[in-house]
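FYI, the numbering just counts along the sequence from 1. Nothing here was measured: the structure is a model prediction, and the numbers come from that model.
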Amino acid sequence: MGSAGAKAQRAARKAKIEEMRRAEAARERRNRIITWTLSGVIITAVAGGGWYAVQETRDRAEAKKQAVAAPVKGEKTFKDLGRNHVTTPVSYKMSPAAGGDHDPAWMNCNGDVYGEEVSETSAVHSLEHGAVWVTYTDKATAKDVKALNEKVKSTPYTLMSPYAKQSSPISVSAWGKQLNVDSSSDPRLQRFLDKYVQGKQTPEPGATCSGGKAA
């Protein structure tokens, strides 16, 4: 083969190599474009999903806020309640008491459950600190008492004790507020706790529920 033929073959091989390089470069560009596109889709989906998650959380928080703001159906409200510290018996407007003059010592109310009736005047002092007092009679079933026991033990600023003189099997009392129910499964009971444990009606919000009477 002459020099001209050899030169032509070299030129052909070079052209072939260049063509292969261009093809490879084109494939790499396509792969990068596909990768960028998929990444954008994934990021958009994640961002969108995150936005929906944030919005859903905000919606739930707003719904709870509105539910707490609304009155609990059937609750009673008592106003013009005294707040004097006394060591003598007090004649309360309601039974159990939901506010008024009270003993200088409060009942411990960090989820405390008492098996016997407690000092009413000391329990009222606990309400002044923002606690909710759960009471029940012998008409409450053993199942209800157990459920209430578990609920109170897991809820700071609550206390629970039997109370024979009330008209309903179960009562929940906060300062100036009270609700009577027949069963621990009544959804209003949890709403009352959500609304009034350290609620806006509390005369001394944040005051301690420890260091008081234990029985």
Exercise for review: Examine Y114 and V197 and state if one hydrophobic cluster contains both, with Ile, Leu, Val, Met, Phe, Trp and Tyr joined whenever side-chain heavy atoms are less than 4.5 Å apart.
Suggested key: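 Y114 does not cluster with V197.
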Practice item. Give the cluster check for Y157 versus L127: same hydrophobic cluster or not, with ILVMFWY residues linked at side-chain heavy-atom distances below 4.5 Å. Key: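 Looking at the clustering, L127 is in a separate group from Y157.
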Please report the shortest heavy-atom distance between [X] and [Y], naming the atom on each side.
X    : Y    : answer
V86  : V90  : CG2-CG2, 3.6 Å
G115 : P162 : O-CG, 3.5 Å
I170 : S168 : O-OG, 2.9 Å
P71  : K195 : CA-CE, 4.4 Å
Y92  : G99  : CD2-O, 3.5 Å
L179 : K73  : CD1-O, 3.6 Å

If only atom types and distance count, is the side chain of [X] paired as donor or acceptor with the main-chain N or O of [Y] below 3.5 Å?
X    : Y    : value
T202 : E204 : no
Q201 : A174 : no
D144 : S184 : yes
D112 : N110 : yes
D186 : R188 : yes
Q198 : G206 : yes
E75  : V72  : yes
E117 : A164 : yes

Practice item. Assess whether side-chain contact (heavy atoms from CB on, under 4.5 Å) is satisfied between T137 and Q166, documenting all intermediate values. Key: CA-CA 7 Å; T137 69; Q166 66 189 36; 3.3 Å; yes
Check your understanding: So how far is it from T135 OG1 to L148 CG, rounded to the nearest 0.5 Å?
Key ->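 Between T135 OG1 and L148 CG, I get 9.5 Å after rounding to 0.5 Å.
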Review point. What is the distance from atom OG of S183 to atom NZ of K143, rounded to the nearest 0.5 Å?
Key: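 Reported to 0.5 Å precision, the distance equals 8.0 Å.
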Side-chain heavy-atom pair [X], [Y] within 4.5 angstrom cut-off:
X    : Y    : result
K153 : T158 : no
V113 : L159 : no
H85  : D101 : no
L193 : K151 : yes
K177 : V132 : no
W175 : R83  : yes

Review point. So V134 and L189, side-chain contact (heavy atoms from CB on, under 4.5 Å) or not? Walk me through it.
Key: CA-CA 10 Å; V134 180; L189 194 152; 5.7 Å; no
For residues 118-126, which side-chain donor-acceptor pairs fall under 3.5 Å, sequence neighbours excluded?
{"residue": "S119", "atom": "OG", "partner": "T121", "partner atom": "OG1", "Å": "3.2"}
{"residue": "S119", "atom": "OG", "partner": "S122", "partner atom": "N", "Å": "3.3"}
{"residue": "S119", "atom": "OG", "partner": "S122", "partner atom": "OG", "Å": "3.3"}
{"residue": "E120", "atom": "OE1", "partner": "Y163", "partner atom": "OH", "Å": "3.4"}
{"residue": "E120", "atom": "OE2", "partner": "A97", "partner atom": "N", "Å": "2.8"}
{"residue": "E120", "atom": "OE2", "partner": "Y163", "partner atom": "OH", "Å": "2.8"}
{"residue": "S122", "atom": "OG", "partner": "A105", "partner atom": "O", "Å": "3.0"}
{"residue": "S122", "atom": "OG", "partner": "K213", "partner atom": "NZ", "Å": "3.2"}
{"residue": "H125", "atom": "ND1", "partner": "D103", "partner atom": "O", "Å": "2.8"}
{"residue": "H125", "atom": "ND1", "partner": "P104", "partner atom": "O", "Å": "3.1"}
{"residue": "H125", "atom": "NE2", "partner": "H129", "partner atom": "NE2", "Å": "3.2"}
{"residue": "S126", "atom": "OG", "partner": "M107", "partner atom": "N", "Å": "3.1"}
{"residue": "S126", "atom": "OG", "partner": "M107", "partner atom": "O", "Å": "2.7"}
{"residue": "S126", "atom": "OG", "partner": "S122", "partner atom": "O", "Å": "3.4"}

**Study point:** Heavy-atom neighbours of K93 NZ exceed 12 at 6.0 Å
**Key:** yes
**Study point:** W133 and S161: side chain donor to acceptor below 3.5 Å
**Key:**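 Judged by distance alone, the side chains do pair up.
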Practice item. Apply side chain to side chain donor-acceptor pair (under 3.5 Å) to the pair Q178 and S173, showing each step before the final yes or no. Key: CA-CA 4 Å; Q178 190 168 85; S173 304; 2.8 Å; yes
